[in-house]
Amino acid sequence: TSAVAFPEGPVPEAASPNTPPPTAPARCVVKGIARPSADSEIKFELWLPVRWNGKYRQVGNGGWAGAVPVSSLVGPVKLGYAAAGTDDGHAASGGAEWAVGHPEKLIDFGHRAVHETSVQAKAIIQAFYGKELSRAYFVGCSDGGREALMEAQRYPDDFDGIVAGAPANNWSMLVTGFVWNEQALLKDSASAIPPAKLPVIQAAALAACDTLDGVKDGLVEDPRVCHFDPSVLACKSGDAPDCLTAPQLEALRKIYAGPKNPRTGAQIFPGYEPGTEAGADGWSAWIAAAPPQRAIQFAFANSYYGQAVFEQPHWDFRTLDFDADVAFGDRKAGAILNSTI
């Protein structure tokens with residue numbers, strides 16, 4: 001759709017909040033759209049540095065994607081790589097509303113957009129520089145890690161090397177665990193665990209398990225041998241900042257235990273190990289937020305099941321059947337999103 005030469009200079013669209021824009025070297029910026037299906041609209045962006053090292057690096061997305069990760073292109077281009085990224089086939093601000101009634105777009109997000117971008121980018125690179133690239137790499141984290149493993153499993157010829165950081169690769173089961181936590185903490189107004197109590201929980205967990213390895217260092221060396229009983233935190237006479245009420249204890253135990261199939265008793269996905277509850281940007285952002293409804297996990301839970309699986313924007317997380325519904329979601333969306341081969 002466009003090809004524009006840029007001199008060395010700042011890249012405003014790659015700036016983070018409250019920070020100056022990064023500087024990128026002289027480059028040609030190519031923007032394009034791939035349409036492998038009648039309902040596909042995969043936008044991608046390829047940066048071609050004047051001083052090219054002969055290699056290609058493609059960057060991954062985060063969350064539900066929805067925009068080209070421009071900020072991730074600056075670093076590779078500074079090192080001489082031709083670099084590209086994609087919006088994964090849709091424009092969005094965090095949810096999966098684009099998947100309702102659009103199964104091809106779910107496929108694009110699941111795996112096709114990253115593959116299509118690699119194919120188109122390599123063709124453009126050869127046309128621009130007049131020679132083939134020597135190496136191709138993919139680097140992604142979280143959803144990008146899922147994409148990285150997906151590339152290795154579905155399109156192993158696309159890249160010579162892959163970095164899969166913190167991969168959300170078992171997407172359908174991971175997000176099922178998010179619903180489990182949402183049901184535990186939002187069962188009623190009494191079940192929510194305030195973020196202010198997370199340091200209390202972590203301190204109690206470390207008191208029980210920190211020294212099991214013979215060293216007191218603020219870490220649980222091997223969570224498998226930590227058998228922390230949170231009942232030591234039970235409030236003795238009403239709610240207080242340094243204890244947990246009975247509903248809060250019940251919710252915490254469920255989070256540690258993780259989701260199970262109520263019919264078979266099988267573990268659906270692992271729970272969360274004790275000892276890191278108060279970590280920065282951890283439970284307070286993802287699980288036990290304030291207000292409770294703003295936990296990041298819950299946004300993923302509701303968008304995955306409400307939009308990608310059941311295609312019902314007003315779906316109620318309280319209705320999820322951890323037997324039949326989970327199996328249905330795994331067949332419908334998990335088969336497209338999971339990179340678990």
Side-chain angles (χ1 to χ4, degrees), residues 141-142 145 165-171 173-262 265-301 317 320 322:
C141 183
S142 191
N169 62 312
N170 195 356
W171 189 282
M173 298 297 102
L174 170 68
V175 178
T176 297
F178 294 172
V179 182
W180 177 269
N181 293 344
E182 187 175 17
Q183 288 190 3
L185 290 166
L186 301 185
K187 178 181 178 181
D188 50 49
S189 59
S191 298
I193 300 174
K197 291 191 177 186
L198 295 176
V200 176
I201 298 172
Q202 179 169 310
L206 290 177
C209 299
D210 181 3
T211 58
L212 291 177
D213 61 344
V215 180
K216 187 174 183 179
D217 55 4
L219 296 172
V220 178
E221 179 72 14
D222 186 351
R224 296 171 299 179
V225 300
C226 175
H227 304 294
F228 169 56
D229 183 358
S231 63
V232 298
L233 292 169
C235 294
K236 301 300 188 293
S237 57
D239 196 3
D242 60 349
C243 66
L244 297 180
T245 64
Q248 291 169 348
L249 276 173
E250 181 184 357
L252 181 60
R253 289 192 180 98
K254 286 184 177 179
I255 294 170
Y256 287 153
K260 292 184 178 180
N261 184 307
Q267 190 82 40
I268 295 173
F269 200 77
Y272 291 78
E273 300 292 348
T276 60
E277 294 82 355
D281 298 321
W283 282 42
S284 62
W286 284 83
I287 302 175
Q293 294 81 359
R294 296 191 63 180
I296 298 173
Q297 284 193 354
F298 304 166
F300 278 105
F317 71 90
L320 185 72
F322 284 89

Full working for side-chain contact (heavy atoms from CB on, under 4.5 Å) between D222 and L212: CA-CA 8 Å; D222 186 351; L212 291 177; over 6 Å; no
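- The backbone N or O of P241 lies less than 3.5 Å from no partner atom in the side chain of K197, so there is not a single donor-acceptor pair.
- A donor-acceptor pair is defined here as one N or O able to donate and one able to accept, closer than 3.5 Å; no such pair exists between the side chain of K254 and the backbone of Q183.
- W180 has its side chain out of reach of Q297: every pair of non-hydrogen atoms, C-beta onward, lies at least 4.5 Å apart.
- In this pair, F228 and Y256 present their aromatic rings perpendicular. The plane angle is above 60°, beyond the 30 to 60° band.
- Counting heavy atoms from C-beta outward, V175 and F269 have side chains that stay 4.5 Å or more apart.
- Distance CD1/I193 to CD1/I201: 4.5 Å, rounded to 0.5 Å.
- Between A204 and V232, the shortest heavy-atom distance links the atoms CB-CG2, 4.5 Å.
- Salt-bridge formation is detected for the pair E250/K187: a Lys NZ or Arg NE/NH1/NH2 atom is positioned less than 4.0 Å from an Asp or Glu carboxylate oxygen.
- L244 places a side-chain heavy atom less than 4.5 Å from the side chain of L252.
- Put simply, the side chain of C209 does not reach to within 4.5 Å of the side chain of P274, judged on heavy atoms.
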Residues S191, L185; criterion side-chain contact (heavy atoms from CB on, under 4.5 Å); working and verdict: CA-CA 5 Å; S191 298; L185 290 166; 5.6 Å; no
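- Note that the CG atom of D210 and the SG atom of C226 stand 9.5 Å from one another [nearest 0.5 Å].
- Here the closest non-hydrogen pair linking T245 and C235 is N-SG, 3.8 Å.
- Other residues, nucleotides and ligands contribute at most 12 non-hydrogen atoms within 6.0 Å of the CD atom of E221.
- Nearest heavy atom pair, residue P270 against residue P259, reads O-CD, 4.5 Å.
- Here the shortest heavy-atom pairing between G238 and C243 reads O-SG, 4.0 Å.
- Here the side chains of F317 and L186 are in contact, with some heavy-atom distance below 4.5 Å.
- At a threshold of 4.5 Å between non-hydrogen side-chain atoms, the residues V225 and V220 do not count as touching.
- Applying the disulfide (SG to SG under 2.5 Å) test to pairs two or more places apart or on separate chains, none has a residue in residues 270-300.
- With hydrogens and angles ignored, the 3.5 Å screen pairs a side-chain donor or acceptor of Q248 with a backbone N or O of A192.
- Checked by atom type and distance alone, the side chain of K236 pairs as donor or acceptor with a backbone atom of A234 at under 3.5 Å.
- For N181 (side chain) and A184 (main-chain N/O), no donor-acceptor pair under 3.5 Å exists by modelled atom type.
- Nearest heavy atom pair, residue W283 against residue T276, reads CD1-O, 4.2 Å.
- Under a cut-off of 6.0 angstrom, the local environment of CG in D217 is crowded, with over 12 non-hydrogen atoms contributed by other residues, nucleotides or ligands.
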Test log, rule side-chain contact (heavy atoms from CB on, under 4.5 Å), inputs D229 and R253: CA-CA 9 Å; D229 183 358; R253 289 192 180 98; 4.0 Å; yes
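- Under the disulfide (SG to SG under 2.5 Å) criterion, C141 pairs with no residue, sequence neighbours left out.
- Between Q202 and E277, the closest heavy-atom pair is OE1-N, 3.1 Å.
- Side chains of I296 and W286 form a contact here, defined as non-hydrogen atoms less than 4.5 Å apart.
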